[in-house]
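Notes for the one structure printed next.
Computation of the quantities below employed the complete heavy-atom set of this structure, encompassing side-chain atoms and omitting hydrogens, waters and symmetry-equivalent molecules. Chain A is the first sequence line, chain B the second, and so forth, proteins listed ahead of strands; every chain is numbered from 1.
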Amino acid sequence: MLYKSYITANYYCNLFRFCWSCGFSSTAHKVFDKSPQRHGHEGLASFVQGNVLGKKSPKYELCSALICCAKTLNSHLGSQIHGKIVHSGFDQNLYINSSLVNVYAKCGLMGDAMKVFDGIELHDEVSWTSMICALSQNGQGGEALCLFKEMMTTLVKPNCVTYVSVISACTEQESVFRCGELLHAHVIMLGHESNRFVVSSLIDYYSKCGRMDKAVMLFGSCLASDDVVLNTMISAYTRNQQGEEALKVFVKMRDANASLSEHTLTSVLDACGALAVLQMGKQVHGLVMKMGSDQNTFVVGALINMYSKCGDIDEACHVFDQAGYKNNILWTSLITAYAQSGRGPDALKIFDHLVMEKRFYPDHVCFTVVLTACNHSGLLDKGISYFKKMTSDYNLAPEIDQYACLIDLYARKGDLKSAKQVMEEMPFDANAVMWSSFLSSCKEYGNVELGREAAYKLFELEPRSPVPYLILADLYAGAGLWDEVKNIRKFMNENGVRKSLAGWSCVG
DNA sequence: TTAGGGTTAG
């Protein structure tokens, strides 16, 4: 088994300085890439600040400095260097501008990134790709595709990197899902299909739109020796409820003495959690300790989730306690672990304690967890009050997931009128999940009128599903409306909805 | 000397 060796951050920092001072900037970059992620960046950035900003800088040094800024997410230093670039008259240099786009994009400053991009007079494939990638990585997949289309109208031709960026953009939202297949056709025509970066982005794309047949085909056709392709495939299987296949890939990786990274660990822990295989999860935990990855935030989060999904809340807490650095995501993972193990009130206690001490600022996902915990613990009024706090205390506009929780809270309480009012007044269209939970509550409380309305909405939203027909029939039966029950059976036949009538005993 | 794939919370 190959493990990443751990050398101190100082070693990397000194080596970086040495390479840089000798003018070996590309070697310096390699050193920078290998430096441990959580250490040394600050030191390197301050070195850049001292050596680039204070001197008359050649173009390549400015470029190198910008790469460091992008990697350390240091937009402040990036802006300072930008000022120097303008002052030195290098503001039309393509290399520098592509790097600048990258710095701003990595720091989430999309307006600045676009401004630099728009200011470039003559683009090359890298400058186009930098901006396409920037949009893709900032959740603007649709815009990334538009820019790609614009690029296609120019004389500059996209390369492998462009395809990797634009294919990744297609996984962002369902509206651009179908574009991925078209891009795959481009890739085949241009002969990029054997590029491992392209392959892994395609596997990821297909797995995210549920086309595992295509993902498996691509995986089978490549050499599969690349660790990222293997990790992508483990995640792809897990995402598509094929955890056993995911574990098989992992076992093969171990048998082949493949290099295991922290990505591998998180992906395989996710598979263990999905399958609830505690023993296997513990073995991977052993590997985590052996590799010295027990302080990596991604790995710690994956461990907490794995133990929580396997029902071992004590071990989940232990992992959390051992983590030196605790961010919002880890706190949310811990709250989720309590909520998932039926300890909703404990989950809420942690949340209240944290916000009281101002140790973390809850986000949308955290509120979804809290609201779900309230829902599952029957703390309906408390849940509604948390929902209101989102806006009043934290200035967070609720999103569709939190509205779904609120609707569920009102409906479970039997306040069907309020639940329906929320569905009508919220800034989103009520989806099938919302109407389904609403319909179930209508059945629970015997509200025929609202139940009928919900069922008819579901007939439109999910025309092939027999479930709303069956629930509505149950509701009618509970109210003694036997003629209506018979009509439902007729209605199902007319609409071509098929379902075994087992369980529909109320019809008699 | 510019750009790129996979990982954590419901």
Side-chain angles (χ1 to χ4, degrees), chain A residues 23 25-26 28-29 57-67 70 90 93-103 105-106 120 123-134 136-137 158-168 171 195-205 207-208 226-236 238-239 261-270 273 293 296-306 308 327-337 339-340 347 362-373 375-376 401-402 404-405:
Chain A
S25 58
S26 90
H29 283 153
S57 312
K59 284 176 279 186
Y60 74 91
E61 283 204 341
L62 289 168
C63 250
S64 302
L66 289 171
I67 293 170
F90 289 133
N93 181 284
L94 254 185
Y95 291 1
I96 287 177
N97 279 327
S98 296
S99 301
L100 258 180
V101 168
N102 193 31
V103 171
K106 288 284 187 301
I120 298 174
H123 285 283
D124 69 351
E125 70 270 29
V126 178
S127 65
W128 277 105
T129 306
S130 303
M131 198 61 226
I132 291 169
C133 178
S136 171
Q137 289 180 344
N159 61 18
C160 278
V161 186
T162 323
Y163 280 103
V164 168
S165 304
V166 76
I167 290 166
S168 303
T171 62
N195 178 288
R196 62 204 172 99
F197 287 84
V198 174
V199 169
S200 57
S201 62
L202 278 170
I203 289 177
D204 185 56
Y205 159 74
S207 80
K208 282 177 179 162
D226 182 84
D227 62 326
V228 177
V229 173
L230 288 159
N231 295 339
T232 308
M233 204 58 210
I234 293 176
S235 302
T238 309
R239 184 178 297 121
S261 67
E262 287 167 340
H263 281 93
T264 321
L265 295 173
T266 49
S267 303
V268 79
L269 285 169
D270 207 20
S293 301
N296 175 288
T297 316
F298 283 88
V299 175
V300 172
L303 276 169
I304 295 171
N305 298 333
M306 183 276 292
S308 146
N327 63 9
N328 262 19
I329 290 177
L330 289 190
W331 280 111
T332 309
S333 298
L334 185 72
I335 295 170
T336 308
Q340 278 180 343
D363 63 4
H364 286 93
V365 177
C366 190
F367 269 104
T368 308
V369 177
V370 165
L371 295 174
T372 309
N375 215 326
H376 290 171
D401 287 345
Q402 294 86 51
C405 291

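With salt bridges taken as basic N to acidic carboxylate O contacts below 4.0 Å, one links R239(A) and D204(A).
Applying the side-chain hydrogen bond (donor to acceptor under 3.5 Å, both in side chains) test to H263(A) and every residue at least two apart in sequence or in another chain returns nothing.
For the pair F298(A) and dT7(B), the ring geometry qualifies as stacking, because the centroid separation is below 5.5 Å while the planes lie within an angle under 30°.
With dG10(B), dT8(B), dG5(B) as the choices, the nucleotide that has an atom nearest any side-chain atom of T372(A) turns out to be dG10(B). Among dG5(B), dA9(B), dT2(B), the nucleotide with an atom closest to any side-chain atom of D124(A) is dT2(B). Considering only the side chain of N305(A), dA9(B) comes nearest among dT7(B), dG5(B), dA9(B). The listed nucleotides are dA9(B), dG4(B), dT2(B); the one nearest the side chain of K106(A) is dG4(B). Out of dT2(B), dA3(B), dT7(B), the shortest distance to the side chain of T266(A) is found at dT7(B). With distances taken from any side-chain atom of N102(A) to the nucleotides dT1(B), dA3(B), dT7(B), the minimum falls on dA3(B).
Counting non-hydrogen atoms under 4.0 angstrom, N93(A) reaches nothing in the nucleic acid. Base engagement by S200(A) is indicated by at least one non-hydrogen atom pair under 4.0 Å involving a base atom.
Within residues 126-133 of chain A, the residues that have a heavy atom under 4.0 Å from DNA chain B are, in order of number, V126(A), T129(A), S130(A), C133(A).
Between the side chains of T162(A) and N159(A), at least one donor-acceptor pair of N or O atoms lies under 3.5 Å.
For dG5(B), the OP1/OP2 oxygens have no side-chain nitrogen or oxygen of K208(A) closer than 4.0 Å.
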